[in-house]
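Note sheet for the following structure.
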Amino acid sequence: MAVWCDGALTAFATGGRGEDVERDRMGSAAVFAQAGRGVPGHILRWPRRGGRPAVMVEEIARTLAARAAAGVPLVVLDAPYDLSLLDRELGRHRDAGLPRYLGRSSLCVLDPLVLDRQLDRSRPGGRSLAELAAHYGVRLPGDLDAGARAVAALGLLRAMGRRFGPGLSRHSPAELHALQAVWHAVQVRAPQDWFAGTGPAGRVDPAWPLRPGVRTTKAGPSVDKPAC
């Protein structure tokens, strides 16, 4: 069994799903912290406050930075969307990306979507949150708000630890973080390569867990680099 899967983990999720982190706005977000499997966890929720989105995104960034400094892995389902959206919102409202809030710490991200695609490549069925939850026996509430998404993401990771114990336990979370960056790049490029001969393919971004972005600040254009 992957022992670290039973230990302290934190999950982050935003409410709803968009497609373009450069234009989407964060309607809500949640962080779920759990000290171990079966231990009651604690959820922090951020509804978008009228006129105060800057407060929301800064509080989230500082919360994630504190968990990273404590060495707790961060579970994010489809990390390139949620983490990049947080990063862009920080740029819009605080003129600073997520890496600046992390300082010398680094996020150690575990993405159940990337892990599932890698560890169970040939299984039939889709890989939406609802489909992943059904496949791994994780209960979903009727209202999938940001808090429910965070709890579900962490539940998926622990379920994968039970199912793929040997495949996960040989890697530390830090090693898995590095491997997922490679796996994700292959996963998103493969469909594009397959369709390349049949017509124009949509643009894919192989960056994981944070998509680099160009932001204009008072000092001029700057390029954000991935957090890890």
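- The shortest distance between side-chain heavy atoms of Arg189 and Pro206 falls below 4.5 Å.
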ask   = Between Val31 and Leu64, is a side chain to side chain contact (heavy atoms under 4.5 Å, CB included) present by the stated rule, with each step listed?
value = CA-CA 8 Å; Val31 171; Leu64 296 186; 3.9 Å; yes

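- Although no hydrogens or angles enter the test, the distance criterion places no donor-acceptor pair under 3.5 Å between the side chain of Ser84 and the main chain of Val21.
- Contact check for Arg67 versus Leu74: no side-chain heavy atoms found under the 4.5 Å cut-off.
- Of the inter-residue distances, the one linking Leu154 atom CG with Ile43 atom CD1 reads 10.0 Å to the nearest 0.5 angstrom.
- Pro80 has its side chain within reach of His184: a pair of non-hydrogen atoms, C-beta onward, lies under 4.5 Å apart.
- In terms of heavy-atom proximity, Ala68 sits nearest to Leu107 at CB-CD2, 3.9 Å.
- Contact between Val138 and Ala159 at its shortest, heavy atoms only, is CG2-CB, 4.3 Å.
- Of all heavy-atom pairs between Arg211 and Ala207, the closest is CA-CB, 4.0 Å.
- When every heavy atom of Pro47 is checked against every heavy atom of Ser28, the shortest pair comes out as CA-CB, 4.2 Å.
- Within the 4.5 Å cutoff, no side-chain heavy atoms of Arg88 are placed close to those of Arg23.
- To the nearest 0.5 angstrom, Arg25 atom CZ is 8.5 Å from Leu85 atom CG.
- A donor-acceptor pair under 3.5 Å is absent between the side-chain atoms of Gln180 and the main chain of Val114, judged by distance alone.
- Hydrophobic clustering (side-chain heavy atoms under 4.5 Å, transitive across Ile, Leu, Val, Met, Phe, Trp, Tyr) groups Val109 together with Val151.
- The residues Arg62 and Glu59 are annotated as not salt-bridged, no charged nitrogen and carboxylate oxygen being separated by less than 4.0 angstrom.
- With respect to Arg123 and Asp116, a salt bridge is recorded, a charged nitrogen being found less than 4.0 Å from a carboxylate O.
- Considering every non-hydrogen atom in both Leu132 and Leu156, the closest pair reads O-CD2, 3.6 Å.
- When atom types are taken as modelled, the side chain of Glu175 and the backbone of Ser172 share a donor-acceptor pair closer than 3.5 angstrom.
- Of the possible donor and acceptor atoms, one in the side chain of Gln34 sits under 3.5 Å from a partner among the backbone N and O of Val39.
- Checking side-chain atoms of Asp111 against main-chain N and O of Asp78 turns up a donor-acceptor pair under 3.5 Å.
- In Arg94, the CZ atom is crowded: over 12 heavy atoms of neighbouring residues, nucleotides or ligands sit closer than 6.0 Å.
- Here the side chain of Asp87 pairs a donor or acceptor atom with the backbone of Leu98 at under 3.5 angstrom.
- In the hydrophobic clustering of this structure, Val72 does not group with Phe32; members are Ile, Leu, Val, Met, Phe, Trp, Tyr whose side-chain heavy atoms approach within less than 4.5 Å, directly or through other members.
- With hydrophobic clusters built from ILVMFWY side chains whose heavy atoms lie under 4.5 angstrom apart, Val76 shares a cluster with Leu179.
- In this structure, Tyr81 contributes its side chain and Gly18 its backbone to a donor-acceptor pair below 3.5 Å.
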message = As a quick check of understanding, evaluate side chain to side chain contact (heavy atoms under 4.5 Å, CB included) for Trp4 and Leu168, giving each step before the final call.
response = CA-CA 9 Å; Trp4 57 261; Leu168 290 177; 4.2 Å; yes

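- Side-chain atoms of Leu86 and Thr14, non-hydrogen and from C-beta on, never get closer than 4.5 Å to each other.
- Phe12 places a side-chain heavy atom less than 4.5 Å from the side chain of Ile60.
- Linking ILVMFWY side-chain heavy atoms closer than 4.5 Å, directly or via other members, places Leu110 and Leu119 in a single hydrophobic cluster.
- Val57 and Leu90 get closest at one heavy-atom pair: O-CD2, 3.5 Å.
- Although no hydrogens or angles enter the test, the distance criterion places a donor-acceptor pair under 3.5 Å between the side chain of Glu89 and the main chain of Met26.
- Counting heavy atoms from C-beta on, the side chains of Leu129 and Leu113 never come closer than 4.5 Å.
- The line from CZ of Arg127 to CG of Leu77 is 12.0 Å long, rounded to the nearest 0.5 Å.
- Counting heavy atoms from C-beta on, the side chains of Arg158 and Leu9 come closer than 4.5 Å.
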Ring pair (Phe, Tyr, Trp, His ring centres under 6.0 Å) between Trp208 and His177, worked out = CA-CA 9 Å; Trp208 182 98; His177 178 102; 5.1 Å; yes

